[in-house]
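Taking it in order: structure first as structure tokens, then the write-up.
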Amino acid sequence: AQSVTQLGSHVSVSEGALVLLRCNYSSSVPPYLFWYVQYPNQGLQLLLKYTSAATLVKGINGFEAEFKKSETSFHLTKPSAHMSDAAEYFCAVSDRGSSASKIIFGSGTRLSIRP
Amino acid sequence: DVKVTQSSRYLVKRTGEKVFLECVQDMDHENMFWYRQDPGLGLRLIYFSYDVKMKEKGDIPEGYSVSREKKERFSLILESASTNQTSMYLCASSSDTSYYNEQFFGPGTRLTVL
């Protein structure tokens, strides 16, 4: 069975500072991993996905994530935070044993940006 | 462009009412999902469907039912709404041809049950 754990329900950084959102996964098979972003009062939008082609994955809006098998981690980073990055971020893993392409989501991390 | 739409952005209902939430996707996706989202709990899967008229229970199906009569439409039904069903409801779809199973989401319906 697959699962993800997001460390920290709320992260606050200053504008221009590094953004680091942590995600650890558990999977008995090579995982497919995702980061989704949810802006206020909107649905979820795919930020990036790891599909085993490359361990460093680049996504939209300057975000990237690195797959580290030895640490079972898939942390999301952005070198310089912008006010528009304020949102909730979800790490997720594909449930490859399911009957219909289910995804298992973490509990989410709310990112706040201080001016 | 990929699109999933939900019938209402905001909905207010009274306890005991029957509530219908509609979701439509225009991507010819086989799979459709209903989640509810509550603070601190992330997304929890209510029901999903992998084909027309086919459905399976998710993690929290109690108090809900679903209907999928056409491939593009997936409805969530609250037979008798209760206050603990006040939540954000999100619909999503995905394709069987996507090896990685990414899902595409609608904008959500914020339901308040009074």
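Values reported hereafter were calculated over all heavy atoms of this structure, with side chains retained and with hydrogens, waters and symmetry mates removed. Below, read A as the first sequence line, B as the second, and so on, with proteins coming before strands; counting in each chain starts at 1.
The CG atom of Leu44(A) sits 13.5 Å away from atom CD of Glu102(B), with the distance rounded to the nearest 0.5 Å. If you take CD on Gln38(A) and CD on Gln37(B), they are separated by 4.0 Å, rounding to the nearest 0.5 Å. From Asn31(B), atom CG reaches atom CD1 of Ile103(A) across 10.5 Å, with rounding to the nearest 0.5 Å. One finds the CG atom of Leu46(A) at 9.5 Å from the CZ atom of Phe105(B) (value rounded to the nearest 0.5 Å).
Residues Leu90(B) and Tyr47(B) are members of separate hydrophobic clusters, defined by side-chain heavy-atom contacts under 4.5 angstrom among Ile, Leu, Val, Met, Phe, Trp and Tyr. Note: the hydrophobic cluster containing Val4(B) does not contain Trp34(B) (ILVMFWY, side chain heavy atoms under 4.5 Å, direct or indirect links). Tyr32(A) and Val4(A) fall into different hydrophobic clusters, where Ile, Leu, Val, Met, Phe, Trp and Tyr are joined by side-chain heavy atoms under 4.5 Å apart, directly or via other members. Following chains of ILVMFWY side-chain contacts shorter than 4.5 Å, one can reach Val19(A) starting from Leu76(A), so the two form part of one hydrophobic cluster. Residues Tyr25(A) and Phe63(A) are members of one and the same hydrophobic cluster, defined by side-chain heavy-atom contacts under 4.5 angstrom among Ile, Leu, Val, Met, Phe, Trp and Tyr.
Contact of Thr51(A) with chain B is made through backbone and side chain together, with heavy-atom distances under 4.5 Å. Neither the backbone nor the side chain of Gln6(A) comes within contact range of chain B, judged by heavy atoms closer than 4.5 Å. Using a 4.5 Å cut-off between heavy atoms, Tyr36(A) contacts chain B through its side chain alone, with no backbone atom that close. For Arg9(B), the part sitting under 4.5 Å from any heavy atom of chain A is the side chain, from C-beta outward, and nothing else. For Gln6(B), no part lies under 4.5 angstrom from a heavy atom of chain A.
Summarising the local packing, CZ of Arg22(A) is surrounded by 12 or fewer heavy atoms from other residues, nucleotides or ligands at distances under 6.0 Å.
Side-chain contact between Lys102(A) and Phe33(B) is present, with heavy atoms from C-beta onward closer than 4.5 Å. In this structure, the side chains of Leu41(B) and Phe105(A) stay at 4.5 Å or more apart for every pair of heavy atoms.
Listed by sequence position, the residues of residues 68-87 of chain B in contact with chain A number zero, using a 4.5 angstrom heavy-atom cutoff.
Of the listed residues Gly106(A), Ser107(A), Gly108(A), the one with more heavy-atom pairs under 4.5 angstrom with chain B than any other is Ser107(A).
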